[in-house]
Amino acid sequence: MSTYRDLTHRGSARATVLRTVGTRERRSHLTAPRVPTVGIDIGGTKVMAGVVDADGNILETLRTETPDKSKSPKVVEDTIVELVLDLSDRHDVHAVGIGAAGWVDADRNRVLFAPHLSWRNEPLRDRISGRLAVPVMVDNDANTAAWAEWRFGAGRGEDHLVMITLGTGIGGAILEDGQVKRGKFGVAGEFGHMQVVPGGHRCPCGNRGCWEQYSSGNALVREARELAAADSPVAYGIIERVKGNVPDITGPLITELAREGDAMCVELLQDIGQWLGVGIANLAAALDPSCFVIGGGVSAADDLLIGPARDAFRRHLTGRGYRPEARIARAQLGPEAGMVGAADLARLVARRFRRANRRRVERYERYERYAEARRANDRTAQGTQ
């Protein structure tokens with residue numbers, strides 16, 4: 001009889017086996033139990049929790065401010081537990097997924113580092129699961145957002161997808177054949193810290209010239225504030241809007257003015273978009289995905305940003321004109337993507353809870369049958385006396 005090892009070393013038979021295994025992995029989310037789960041999205045300013053069904057519909061959400069980062073990790077954990085227990089009062093919750101803004105280890109247990117919270121090698125999954133009666137899953141927030149877009153949003157139907165999240169900085173995630181690629185140590189997808197300008201702007205990570213210093217919310221605001229502080233004639237529109245108070249210039253304000261036709265704000269978004277296209281071209285050379293999904297707060301600028309990004313991508317793509325071009329799409333799920341993705345990924349571990357519940361119910365039923373039989377025997381014995 002042929003063994004699995006024999007089959008995997010026989011030409012077409014080997015390919016058949018590998019395709020079967022790959023299909024089984026891709027279908028894991030389809031065979032997950034269709035039960036409600038809770039997704040948690042933890043950022044630097046807010047914690048958002050929601051109950052999500054198997055079709056990605058949000059049944060209820062709760063939001064609260066993120067406890068100050070100077071406080072102990074337990075304070076944030078207390079907040080998570082309180083939100084889950086609150087939602088559990090009204091919903092039958094079977095698992096909890098947490099998307100954390102930070103580096104999560106390959107076992108999806110420890111948050112190795114979170115820039116906006118005092119988590120350093122924090123065993124978040126074990127601590128939370130020890131306080132809740134359901135399984136807990138922890139992942140990077142960009143991974144959970146990418147999973148949501150692949151399952152329910154702009155990336156549906158794609159086998160090779162890269163997501164780029166443009167916010168304060170740049171985050172990212174890689175999905176291939178229905179699996180999130182987290183890397184050996186769990187920290188893949190930190191695209192924002194690729195060096196694109198040697199000796200360029202200093203980045204909070206400690207290096208210079210990182211991609212996020214040229215294509216992110218921080219970069220957009222920095223450029224606008226510098227022009228306003230220099231009293232540049234092109235900045236008069238935004239100076240007037242903030243009444244001369246330069247610190248009041250924000251990314252959403254720049255986007256709003258660009259939509260109204262302010263020339264400087266349109267140009268700034270074009271600059272950010274062009275740098276975005278350069279980075280995407282570099283990622284295409286390395287990863288060759290079929291689709292790039294652009295999410296995060298800055299993506300709200302839509303074609304003011306993504307249009308220039310597509311143009312720059314085509315100009316800088318290696319082998320342009322002789323290779324298929326990846327599709328570039330704006331994310332569809334908005335700020336709830338990380339929460340929805342975390343809840344959906346948690347559904348993959350919910351079956352453990354269902355099995356444990358089933359075993360408890362079976363034990364209880366067996367005990368009831370045994371107790372009823374004992375009571376019947378006792379009644380019979382009393383009747384014969």
Side-chain angles (χ1 to χ4, degrees), residues 25-43 46-63 76-77 79-102 104-111 114 119 122-153 155 163 173 175 178-182 186 333 335-358:
E25 290 173 347
R26 287 194 297 272
R27 288 178 59 84
S28 62
H29 69 282
L30 299 176
T31 58
R34 295 182 61 81
V35 294
T37 51
V38 168
I40 308 282
D41 185 17
I42 306 172
K46 73 174 187 333
V47 179
M48 180 166 59
V51 181
V52 182
D53 69 14
D55 297 314
N57 299 310
I58 301 171
L59 307 181
E60 182 182 356
T61 58
L62 298 173
R63 301 167 190 257
V76 184
E77 292 162 12
T79 301
I80 295 169
V81 171
E82 288 169 7
L83 291 172
V84 173
L85 293 178
D86 189 351
L87 292 168
S88 298
D89 287 340
R90 296 175 297 282
H91 302 273
D92 184 19
V93 174
H94 288 253
V96 175
I98 300 173
V104 179
D105 71 358
D107 292 331
R108 284 180 284 171
N109 176 26
R110 293 178 175 272
V111 180
W119 282 341
E122 183 70 19
L124 182 61
R125 185 189 66 196
D126 288 348
R127 291 191 187 280
I128 298 296
S129 61
R131 301 174 62 180
L132 298 173
V134 294
V136 175
M137 185 283 310
V138 177
D139 208 338
N140 171 266
D141 59 347
N143 288 342
T144 61
W147 179 267
E149 291 292 341
W150 176 70
R151 287 274 282 125
F152 310 112
M163 183 162 185
L175 271 83
Q179 298 291 315
V180 178
K181 298 300 180 182
R182 299 178 176 86
L333 301 183
E336 287 82 19
M339 181 187 73
V340 171
D344 199 61
L345 283 167
R347 197 166 285 109
L348 300 179
V349 300
R351 56 172 59 94
R352 290 205 315 262
F353 180 62
R354 288 168 61 83
R355 288 169 184 161
N357 268 352
R358 188 165 60 246

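Every heavy atom of this structure was used, including side-chain atoms; hydrogens, water molecules and symmetry mates were not. Given the structure is predicted, the values throughout are model-derived calculations rather than measurements.
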With Arg127, which residues qualify under side chain to side chain donor-acceptor pair (under 3.5 Å), at least two apart? Glu122

Nearest heavy-atom approach of Ala173 to Ala142 is CB-O, 3.5 Å

CE (Met339) and CG (Asp41) are apart, to the nearest 0.5 Å, by 8.0 Å

Counting N and O atoms only, with roles assigned by atom type, does the side chain of Arg182 sit under 3.5 Å from a partner on the main chain of Asn140, one being a donor and the other an acceptor? no

Taking every heavy atom of Ala49 against every heavy atom of Leu87, the minimum-distance pair comes out as CB-CD1, 3.9 Å

Pairing of Glu336 and Lys46 as salt bridge, 4.0 angstrom limit: no

Sequence neighbours left out, what passes salt bridge (Lys or Arg N to Asp or Glu O under 4.0 Å) with Asp55? Give chain and number order. Arg34

Which pair of heavy atoms, one from Ala95 and one from Ala346, lies closest together, and at what distance? CB-O, 3.5 Å

State, with a plain yes or no, whether a side-chain heavy atom of Phe152 is found less than 4.5 Å away from one of Val52. no

Output, in order, the C-alpha distance, side-chain angles, deciding distance and verdict of side-chain contact (heavy atoms from CB on, under 4.5 Å) for Trp147 and Asp139. CA-CA 11 Å; Trp147 179 267; Asp139 208 338; over 6 Å; no

So, for Ala54 and Arg151, which heavy atoms are closest and what is the spacing to 0.1 Å? O-NH2, 3.7 Å

Looking only at heavy atoms, what is the nearest atom pair of Pro135 and Val349, with distance? CG-O, 3.6 Å

Check: Thr37 side chain, Ala343 main-chain N or O, donor-acceptor pair, under 3.5 Å: yes

Hey, what do you get for NZ (Lys181) to CG (Asn143), rounding to the nearest 0.5 Å? 12.0 Å

Applying salt bridge (Lys or Arg N to Asp or Glu O under 4.0 Å), name anything that partners Arg108, two or more places apart in sequence or on another chain. none

Partners meeting side chain to side chain donor-acceptor pair (under 3.5 Å) with Asp53 (sequence neighbours left out): Asn57

For Pro36, give me all partners under side-chain contact (heavy atoms from CB on, under 4.5 Å), at least two apart in sequence or on another chain. Val51, His94

Evaluate the criterion side-chain contact (heavy atoms from CB on, under 4.5 Å) for residue pair His91 and Leu59; output intermediate values, then yes/no. CA-CA 9 Å; His91 302 273; Leu59 307 181; 4.1 Å; yes

Can you tell if the side chain of Val35 reaches within under 4.5 Å of the side chain of Asp92, non-hydrogen atoms only? no

Could you grab the distance from atom CD1 of Ile98 to atom CG of Leu124, nearest 0.5 Å is fine? 4.5 Å

Output the distance between atom CD1 (Ile80) and atom CD1 (Ile128), rounded to the nearest 0.5 Å. 4.5 Å

Residue set satisfying side chain to side chain donor-acceptor pair (under 3.5 Å) with Asp105, at least two apart, ordered chain then number -> none

List in chain and number order the residues that pass salt bridge (Lys or Arg N to Asp or Glu O under 4.0 Å) with Glu60, two or more places apart in sequence or in another chain; answer none if no residue qualifies. Arg90

Can you name the nearest heavy-atom pair linking Val111 to Ala100, along with the distance? CG2-CB, 4.4 Å

Who pairs with Glu77 by side chain to side chain donor-acceptor pair (under 3.5 Å), at least two apart in sequence or on another chain? none

Does any N or O in the side chain of Thr144 come within less than 3.5 Å of the main-chain N or O of Gly338, such that one atom is a donor and the other an acceptor? yes

Can you name the residues that form a salt bridge (Lys or Arg N to Asp or Glu O under 4.0 Å) with Asp141, not counting sequence neighbours? none

In this structure, CG of Leu83 is separated from CE of Met48 (nearest 0.5 Å) by 11.0 Å

